Amino acid sequence: MDETPNFLRPFVLTPTARRHEREANLDWYVPEGGGPHPAVVLVHGGPLPAGLHPGPRDWPVYRGYGCLLADLGLLAVTVEHRMRVVAGPQGPVTDCPTAALDVASAVDRVRADPRVDGGRIALWFFSGGGLLSTDWLRDRPSWLRAVALTYPLLAPMPGWGVDPRFDPSAAIGEPGGPVPSLLLTRVGREREEMAETVAAFLDAAGDAGVRVEVIDVPGGQHGFDMLDHTDESRRAVEQAAGWVSQRLAR
């Protein structure tokens, strides 16, 4: 029996292997050619245990996404954030506020880099990291061209001790400026409790008149991009990456 942890299983695509630059909690995948380049910030899921080794930046799936996006001419940056379960006054809580600050700091650093076109930024959230999309869906900076969500959690889960402000389904309906282009990759074999949050998010977006493009992976499970090595999975990842690339085109 293969005892490899799921998070160390290979990416479903084989993009061009390339070296990355590691700086603090960021890994940078820089495309060839002169910049400045549009950039994509990749936000992994959680909560993860403290001290997990290797960390998400070293998982094949995120290295794969970084290389894939760089192949498309995009500068990709994976941010390792601190969404962990910590002790709270009334029991364990999922520390979304700290993770959200980590992501916001990463975005500021990416936009300030001279290799990056700070007016063409996308954020791509995975799994439990979907909760961290809330602030961006609420604040909607003009330079944020697109938000992609892959097998995401889109509402606080009972028992997770999540600050209730981290609720993308609520943020999408709040008044404000134009919502960035949205893409949601949905798997057919999602866990019921997570699938319910996706359905609620799509309902809220519909009620608010916000368009969400959906890529369905009917045979896919949570983590299909490392667990389901099928043509369906490969097409879905390629389609999502192509969508992001198109939204960041001039």
Side-chain angles (χ1 to χ4, degrees), residues 6-7 41-50 52 55-56 59 61-62 65 78-86 88 91-104 106 122-139 146-174 179-180 182-206 208 210 212-218 220-228 233 236-237 240:
N6 285 347
F7 60 82
V41 178
L42 300 165
V43 182
H44 64 79
L48 299 178
L52 179 67
W59 297 359
V61 65
Y62 292 114
Y65 275 107
T78 303
V79 52
E80 198 157 308
H81 59 75
R82 291 170 290 173
M83 184 191 286
R84 297 171 185 158
V85 176
V86 299
V93 299
T94 299
D95 191 1
C96 287
T98 295
L101 290 173
D102 290 341
V103 173
L123 300 179
W124 196 335
F125 299 89
F126 297 81
S127 190
L131 294 173
L132 304 179
S133 68
T134 304
D135 290 342
W136 306 98
L137 295 175
R138 178 177 291 123
D139 297 339
V147 171
L149 305 155
T150 293
Y151 43 83
L153 175 65
L154 293 173
M157 296 284 281
W160 278 33
V162 174
D163 184 323
R165 81 173 178 89
F166 289 96
D167 187 348
S169 296
I172 196 71
E174 293 183 8
V179 177
L182 294 175
L183 175 70
L184 195 156
T185 300
R186 177 173 58 184
V187 292
R189 294 191 289 152
E190 182 60 277
R191 289 170 282 182
E192 182 178 359
E193 63 272 22
M194 294 193 72
E196 289 174 353
T197 74
V198 170
F201 178 83
L202 291 173
D203 286 345
V210 174
V212 182
E213 297 191 46
V214 177
I215 296 174
D216 277 311
V217 191
Q221 61 188 307
H222 195 90
F224 76 93
D225 43 10
M226 51 186 149
L227 301 179
D228 302 321
S233 294
V237 172

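Note that these values count all heavy atoms, side chains included, but never hydrogens, waters or copies made by symmetry. In this text, all values refer to a predicted model and were calculated from it rather than measured experimentally.
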Please give me the minimum heavy-atom distance between [X] and [Y], naming the atom from each residue.
X	Y	value
Gly130	Leu154	O-CD2, 4.1 Å
Phe224	Gly220	CB-CA, 4.1 Å
Ala200	Ser169	C-OG, 3.9 Å
Ala205	Val212	CB-CG2, 3.7 Å
Ala155	Thr197	N-CB, 3.7 Å
Ala106	Val79	CB-CG2, 3.6 Å

For the atom pair [atom1] ([X]) and [atom2] ([Y]), what is the distance rounded to the nearest 0.5 Å?
X	Y	atom1	atom2	result
Glu213	Leu182	CD	CG	9.0 Å
His222	Thr150	NE2	OG1	10.0 Å
Ser127	Leu149	OG	CG	11.5 Å
Asp102	Arg82	CG	CZ	4.0 Å
Ile172	Leu137	CD1	CG	5.0 Å
Phe166	Met83	CZ	CE	8.0 Å

Is it true that a side-chain atom of [X] and a backbone atom of [Y] form a donor plus acceptor pair closer than 3.5 Å?
X	Y	result
Asp228	Gln221	yes
Asp216	Pro218	no
Thr185	Tyr151	no
Thr94	Trp160	yes

Sequence-distant partners of Glu174, side-chain hydrogen bond (donor to acceptor under 3.5 Å, both in side chains), two or more places apart: Arg138
For a 4.5 angstrom cut-off between non-hydrogen side-chain atoms, does [X] reach [Y]?
X	Y	value
Val147	Phe125	yes
Cys96	Leu132	yes
Pro56	Phe7	no
Val198	Glu190	no
Leu131	Pro168	yes
Val43	Trp136	no

His44 and Thr78 side chains, donor-acceptor separation under 3.5 Å: no
Residues in ring-ring contact (aromatic ring centres under 6.0 Å, His included) contact with Phe126, at least two apart in sequence or another chain: Tyr62, Tyr65, Trp124
